[in-house]
Amino acid sequence: MSNIVYDYIEDYLRSIIPKSEGLMEDMEAFARENNVPIVQPEVAKFLSFIIKSNNAKNILEIGTAIGYSAILMHNAAGSCRILTIERNPDMYEKAEENIKMAKMDSDIKILKGEADEILEKLDESFDLIFLDAAKGQYLQFFPECDRLLKKGGIIFADNVLFRGMVTNRKLLIRRKITIVKRLKKYIDFMMKNKNYETSILPLGDGVSVSVKIGG
Ligand SMILES: C[S@@+](CC[C@H](N)C(=O)[O-])C[C@H]1O[C@@H](n2cnc3c(N)ncnc32)[C@H](O)[C@@H]1O
């Protein structure tokens, strides 16, 4: 139980989403066996939908892990360019292997290191930014993401309701208090930001989708 949606809703959604095959299926198994957090099926489906409906072709991701969502986004976007940031060498080495196996290494580039340091050096504009790294850092990443996002572009942030802890004090685990406080700040900031239209969806672990309408 995710504390966000009833199990029977989650089970139903997962039952109607076509099962992955080939490399994606293998990556899902690897993630399960090695406790690597990858985007959940219903969030993956929604992310693909957003990419297709916005015709996103230039994509930035913060949090590559093993490259699963980068390959998923490439599958959704077709011909595209994806920059994806990862600081953990075990992760980016595995991601590199997977991206090569998917024959997407000319379109997907992994930027290795701390997102903060990498973001400030980037100088191009993106149609979509997928935030899926340390949850407590989303607000910290925002100014650079805002600078790099074109008008009409989207910031898609995963895990913003963090197992329901953001919405209900009774679910709060003590050692997660700081992350939860920071996630609440990110949500409040985005909801009040006049340059963005933001919607929060109780999907997976909670998704925030913000479209840049001004600034
Ligand atoms: C949830 S996983 C990403 C999952 C991936 N997006 C997917 O769905 O396949 C988060 C990843 O972000 C990386 N990460 C967390 N904070 C980071 C930071 N500040 N800079 C770079 N990478 C970071 C972690 O090492 C981890 O591999």
Side-chain angles (χ1 to χ4, degrees), residues 2 4 14 17 20 22-51 56 59-77 80 82-102 104 107-122 126 128-145 148 154-163 165-166 176 178-179 182-183 186 201 203-209:
S2 70
I4 293 175
R14 290 186 185 181
I17 295 170
S20 306
L23 177 63
M24 294 303 272
E25 188 185 6
D26 294 347
M27 288 173 80
E28 286 166 15
F30 179 91
R32 250 191 328 272
E33 282 154 22
N34 295 280
N35 287 321
V36 178
I38 58 167
V39 70
Q40 296 176 31
E42 56 280 16
V43 177
K45 190 80 182 131
F46 183 54
L47 179 57
S48 297
F49 165 81
I50 291 285
I51 287 172
I59 296 170
L60 174 66
E61 172 179 64
I62 309 181
T64 317
I66 57 171
Y68 180 83
S69 51
I71 294 173
L72 174 107
M73 292 191 286
H74 191 290
N75 283 336
C80 65
I82 299 177
L83 297 186
T84 178
I85 304 174
E86 177 56 58
R87 67 181 172 193
N88 178 337
D90 290 341
M91 289 293 148
Y92 61 63
E93 277 161 24
K94 190 73 194 161
E96 228 155 33
E97 217 177 88
N98 286 325
I99 290 165
K100 232 179 221 143
M101 219 137 41
M104 292 175 181
D107 294 339
I108 303 176
K109 188 171 175 221
I110 303 173
L111 305 174
K112 299 163 185 170
E114 271 300 326
D116 271 340
E117 290 160 26
I118 290 170
L119 284 169
E120 63 184 32
K121 288 183 198 132
L122 293 178
F126 295 93
L128 182 132
I129 299 178
F130 178 35
L131 291 185
D132 196 21
K135 292 174 267 296
Q137 289 184 296
Y138 288 177
L139 192 54
Q140 188 182 319
F141 297 148
F142 177 78
E144 291 298 337
C145 290
L148 295 166
I154 285 175
I155 299 180
F156 188 110
D158 198 12
N159 309 104
V160 295
L161 298 179
F162 197 16
R163 298 181 217 149
M165 286 190 268
V166 167
K176 303 290 183 193
T178 305
I179 295 178
R182 289 181 181 170
L183 277 170
Y186 176 75
L201 290 103
L203 192 68
D205 197 26
V207 167
S208 149
V209 187

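Order of appearance sets the numbers: ligands from 1, and atoms from 1 within every ligand. When reading the values below, keep in mind they use all heavy atoms of this one structure, side chains included, and skip hydrogens, waters and symmetry mates.
- A distance of 10.0 Å separates CG in L83 from OG1 in T64, rounded to the nearest 0.5 Å.
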- [ ] Please test E42 against K45 for salt bridge (charged side-chain N to carboxylate O under 4.0 Å, His left out), starting from the C-alpha separation and ending with a verdict.
- [x] CA-CA 5 Å; E42 56 280 16; K45 190 80 182 131; over 6 Å; no
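- No donor-acceptor pair closer than 3.5 Å links the side chain of N34 to the backbone N or O of V36.
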Note down each nitrogen or oxygen pair, ligand 1 side and protein side, whose separation is under 3.5 Å; give only atom names and the distance to 0.1 Å.
unit_1	atom_1	unit_2	atom_2	d
ligand 1	6 (N)	E61	OE2	3.4
ligand 1	6 (N)	G63	O	2.7
ligand 1	6 (N)	S69	OG	2.8
ligand 1	6 (N)	D132	OD2	2.8
ligand 1	8 (O)	V39	N	2.8
ligand 1	8 (O)	S69	OG	3.2
ligand 1	8 (O)	D132	OD2	3.4
ligand 1	9 (O)	S69	N	3.1
ligand 1	9 (O)	S69	OG	3.3
ligand 1	16 (N)	R87	NH2	3.4
ligand 1	16 (N)	A134	N	3.2
ligand 1	19 (N)	R87	NH1	3.4
ligand 1	19 (N)	E114	OE1	3.1
ligand 1	19 (N)	Q137	OE1	2.9
ligand 1	20 (N)	A115	N	2.9
ligand 1	22 (N)	R87	N	3.3
ligand 1	25 (O)	E86	OE2	2.6
ligand 1	27 (O)	E86	OE1	2.7
ligand 1	27 (O)	E86	OE2	3.2

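- A side chain to side chain contact (heavy atoms under 4.5 Å, CB included) with I62 is found for exactly one of L131, T84, I118, D116, namely L131.
- Judged by distance alone, the side chains of Q137 and R182 never bring a donor and an acceptor atom under 3.5 Å apart.
- Centroid-to-centroid, the aromatic rings of F30 and Y68 stay 6.0 Å apart or farther.
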